[in-house]
Amino acid sequence: MASAATRFLLLRAMLLAAAIAGVLSDPTPLQDFCVGDLQAATTSPPVDGFACKPQASVVDDDFFSTAIAAAASTNNPFGVNSTRATASTFPGLNTLGVSITRVDMAPGGLNPPHSHPRASELVMVLKGEVTVGFTSSVNRLYSKVVRENELFIVPRGLQHFQLNTGAGDAMFVAMFDSQSPGVVTPTFAMFATKPAMPMEVLTKTFLTSEDEVTAMRSKFAGF
Ligand SMILES: *[C@@H]1O[C@H](CO)[C@@H](O)[C@H](O)[C@H]1NC(C)=O
């Protein structure tokens, strides 16, 4: 039986964990909406979202966007193209804690392993067949073949990929619980950083030679 003092400590630890979890998601808005003023952002860079456009000048179109209406070209080495509607391309999303990305995929197209530091990702396949997988923090891979109108959830911050395993083109939308989920792609974050990641870090990380690291760097230099 836990003593009163132990129970008090446990309660405090639980409250602290809840407070930290609260800080990890986008903050709750304090007004109906705050259409992002992208113009203002050019003079004073935003720290946490954009300043609000004056309420009197907000119009219907501020809540509407064609940002992901058109298919994007998949004519590139990965056969994939992501079109994002985040707060910076759809200012009406500012402070609302949601955003969406459209991903077009050629047959065999791959959205390489990456993660979103600020959001979970709800995948909905609208065309074709996409194999989606994510890796947990104990390196367990969870993966499913997802077809039209089916869903797959990638928990916040975990590394994941999407591969078109169908016969034709594929398209899915990814919905995020952040207006700006961010994206970290380890291949780029290691082989295409500016300035370059130290050679010794890469040879030791991959247990490999400088020649192989140089070859990898040149493959990713163009992106
Ligand atoms: C993505 O699609 C847009 C619109 O079709 C195109 O301008 C852009 O070059 C494409 N990006 C890549 C990496 O293929």
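Whatever order the structure lists ligands and atoms in, that order sets their numbers, starting from 1.
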Donor-acceptor under 3.5 Å (S65 side chain, A67 main chain) | yes
Mind telling me whether F78 and F188 have parallel, tilted or perpendicular rings, with 30° and 60° as the class edges?
-> perpendicular
Side chain to side chain donor-acceptor pair (under 3.5 Å) partners of T86, counting only residues at least two apart | S88
What residues form a ring pair (Phe, Tyr, Trp, His ring centres under 6.0 Å) with F172, not counting sequence neighbours?
-> none
Would you mind checking if D104 and K127 are paired as a salt bridge, meaning a charged N to carboxylate O distance below 4.0 Å?
-> no
Are there any protein N or O atoms under 3.5 Å from the N or O atoms of ligand 1? List them with distances, or say none.
unit_1, atom_1, unit_2, atom_2, d
ligand 1, 2 (O), S73, N, 3.4
ligand 1, 2 (O), N81, ND2, 2.3
ligand 1, 5 (O), S73, N, 3.1
ligand 1, 11 (N), N81, ND2, 3.0
ligand 1, 14 (O), N76, ND2, 2.8

Mind checking side chain to side chain contact (heavy atoms under 4.5 Å, CB included) for T28 and listing every partner two or more places apart, or none if nothing turns up?
-> none
